[in-house]
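One structure below.
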Amino acid sequence: MTGKDTGPTHHLAEPARKQLPQEHYDFFAGGAGEETALRENENAFGRLALLPRVLRGGADRSTGVSVLDREWPAPLFVSPTAFHRLAHPHGEAATARAAAAAGVPLVTGVAATTSVADVVAAAREQDADAVVWFQLYLHPEPEVTTELVRRAQRAGCSALVVTVDSPVFGRRTRDLHNGFHDLPPGLATENMRNLPGSEPGRPLPIPMWPAGWDDLRRLREQTDLPLVLKGVLHPDDARIAVEQGMDALLVSNHGGRQLDAAPASVEALPAVADAVAGRVPVLMDGGVRRGSDIATALALGARAVGIGRPVLWALAARGEEGVREYLTALRADFDHVLALCGGHRPQDLTADQVVERGTARRPSRGEPTC
Ligand SMILES: Cc1cc2nc3c(=O)[nH]c(=O)nc-3n(C[C@H](O)[C@H](O)[C@H](O)COP(=O)(O)O)c2cc1C
Ligand SMILES: O=C(O)C(=O)c1ccccc1
């Protein structure tokens, strides 16, 4: 399971692989089980084609979208990924400066190796209006969650992303094979220090446990920050989430790192978008690698899409500059695809423009039937 990865970001992953110890590269690259969900995230985009519209003008094109009352220059954000200091010594601070410089919102998380305060400070150094969100897991001790929320709010994060696809930790085949389970000395999950129940100088572990809707409700009652529920794949969960007052949903299979039998995120997206019916924005991540992937996800109902591993590859190979250039190029690629599809605005991309390769039929938007 440690074989070479190919695919659309091979040119990015390969320099990163050369740069990193094998076990760290594998931690970033790998997925759960047979890595089916991981592969399918990219492959599913490859099975979809876009029908362009013609003669629609569009010299006044814009890629901007509105998400939770903020205007984003592009329908793109950096998804939360753990341990950026394993990729590059400048870690999350470099990612934050690069994302801010590229005009791309960043989701930093509890598993960062830089505190949320330092991440937001780095982003704001670059752009005083940079959007930074904070990702967390509900903690079995509610006071820990409360304190993490307080830190994120104090740091200046404008939304919380609650990841709910991890009632247990996924079985990551490569990590099990390599015996990778801990950060090396000198690196730590800085957000997990000095929390209720932690020992001085020692960060609390990040436990995976089967939280319930009641736990989420407690968080909803605790904060006025917008809440984004990450890891929703079933349309019934999407409906409950909206009823429970979530402000946005993030359709994700965790980059194929949790349930290996999960569908590709882009395959789950249409039914979730139908269930939500425009009540809140739907975001997605998993396998987004090029402008046409972004356009496809938007046409199928996403407001914006998140990028995980390619950011890590760019960071590992070329630090802050690499991430800035990568995100800038991806934005330009999306603008180019939008133009070729005959769109003036991201919302001009519609589901009728997405067809299955080989059949030219629209992909099913149906609910799961069982
Ligand atoms: C190395 C790595 C660490 C991740 N850590 C987290 C995390 O701490 N919290 C979380 O919600 N998702 C985490 N994810 C999942 C990402 O947020 C995102 O869903 C996924 O990477 C998107 O797929 P992509 O890598 O194909 O772009 C992680 C993903 C990777 C690859
Ligand atoms: O690796 C992951 O996907 C992940 O979500 C995570 C969460 C906590 C600590 C380390 C990684």
Side-chain angles (χ1 to χ4, degrees), residues 5 7-9 12-13 16 20 23-32 35 37-45 76-87 91-92 95 106-113 116 133-139 148 160-175 180-183 187-192 203-209 228-233 250-259 262 264-266 268 283-290 293-294 297 305-316 326-327 330:
D5 300 285
T9 43
L12 279 175
L20 297 172
E23 62 173 8
H24 297 166
Y25 173 79
D26 279 341
F27 168 71
F28 292 139
E35 301 193 334
L38 168 65
R39 277 189 303 278
E40 279 294 290
N41 275 345
E42 288 185 6
N43 291 345
F45 279 111
L76 194 61
F77 61 95
V78 175
S79 280
T81 52
F83 304 168
H84 288 204
R85 280 186 208 249
L86 274 189
E92 290 83 2
T95 310
L106 168 73
V107 186
T108 189
V110 275
T113 41
V116 59
W133 291 359
F134 185 71
Q135 176 270 331
L136 73 167
Y137 299 90
L138 292 165
H139 196 279
L148 289 170
L160 298 172
V161 176
V162 188
T163 301
V164 291
D165 57 18
S166 307
V168 294
F169 206 73
R171 280 207 190 98
R172 318 272 166 84
T173 313
R174 301 191 206 196
D175 295 346
F180 176 77
H181 33 72
D182 268 327
L183 282 166
L187 299 186
T189 48
E190 297 295 335
N191 293 308
M192 298 305 288
L204 274 186
I206 302 170
M208 303 294 159
W209 66 291
V228 181
L229 206 64
K230 178 173 187 281
V232 178
L233 293 171
L250 205 172
V251 175
S252 174
N253 65 16
H254 208 116
R257 294 162 75 85
Q258 289 297 114
L259 175 66
S265 299
V266 72
L283 314 173
M284 73 81 69
D285 72 20
V288 177
R289 301 295 178 258
R290 41 172 107 71
D293 300 339
I294 302 174
V305 302
I307 309 294
R309 293 178 184 82
V311 168
L312 294 167
W313 304 149
L315 180 66
Y326 169 72
L327 292 172
L330 190 56

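Note that ligands are numbered from 1 as they come in the structure, with each ligand's atoms numbered from 1 the same way. Index from 1, following the sequence.
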- prompt: Do L136 and V162 come close enough that some side-chain heavy atom pair is under 4.5 Å?
  reply: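 Yes, at least one pair of side-chain atoms sits under 4.5 Å.
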
field: Residue pair Q258 / G170: nearest heavy atoms and the distance that separates them
entry: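 Heavy atoms of Q258 and G170 come nearest at OE1-N, 2.9 Å.
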
- prompt: Which heavy atom in A16 sits nearest to a heavy atom in A316, and how many Å separate them?
  reply: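 It is CB-CB, 3.8 Å.
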
List, pair by pair, the atoms of ligand 2 and of the protein that are both N or O and lie under 3.5 Å apart, giving the separation rounded to 0.1 Å.
from     : atom 1 : to   : atom 2 : distance (Å)
ligand 2 : 1 (O)  : R172 : NH1    : 2.8
ligand 2 : 1 (O)  : R257 : NE     : 3.4
ligand 2 : 1 (O)  : R257 : NH2    : 2.8
ligand 2 : 3 (O)  : R172 : NH1    : 3.3
ligand 2 : 3 (O)  : R172 : NH2    : 3.3
ligand 2 : 3 (O)  : H254 : NE2    : 2.9
ligand 2 : 3 (O)  : R257 : NE     : 2.8
ligand 2 : 5 (O)  : Y137 : OH     : 2.8
ligand 2 : 5 (O)  : H254 : NE2    : 2.9

message: Out of the candidates T9, T81, L38, only one should pair with R309 under the side chain to side chain contact (heavy atoms under 4.5 Å, CB included) rule; please name it.
response: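 When T9, T81, L38 are each tested with R309, the side chain to side chain contact (heavy atoms under 4.5 Å, CB included) holds only for L38.
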
message: For F77, run the side chain to side chain contact (heavy atoms under 4.5 Å, CB included) check against L250, L327, L106 and tell me which one passes.
response: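 With F77 as partner, side chain to side chain contact (heavy atoms under 4.5 Å, CB included) holds for just one option, L250.
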
message: Quick one about Q135 and T163 (side-chain donor to acceptor, distance below 3.5 Å, no hydrogens or angles considered), yes or no?
response: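 T163 vs Q135: donor-acceptor pair found between side chains.
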
message: Tell me whether R257 forms a cation-pi arrangement with F27, defined as NZ or CZ under 6.0 Å from the six-membered ring centre and within 45 degrees of its axis.
response: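 Output yes; distance and angle both within limits.
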
field: Test salt bridge (charged side-chain N to carboxylate O under 4.0 Å, His left out) applied to R85 - qualifying residues, sequence neighbours left out
entry: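 Partners of R85 by the salt bridge (charged side-chain N to carboxylate O under 4.0 Å, His left out) criterion come out as none, since no residue qualifies.
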
field: Set of residues that line ligand 1, where lining means a heavy atom lies under 4.0 Å from it
entry: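 For ligand 1, the contacting residues are F27, F28, S79, P80, T81, A82, A111, Q135, Y137, T163, K230, S252, H254, G255, R257, D285, G286, G287, R289, I307, G308, R309, L312.
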
- prompt: Does D165 have any side-chain hydrogen bond (donor to acceptor under 3.5 Å, both in side chains) partners at least two apart in sequence or in another chain, and if so, which?
  reply: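 Expected list: H254.
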
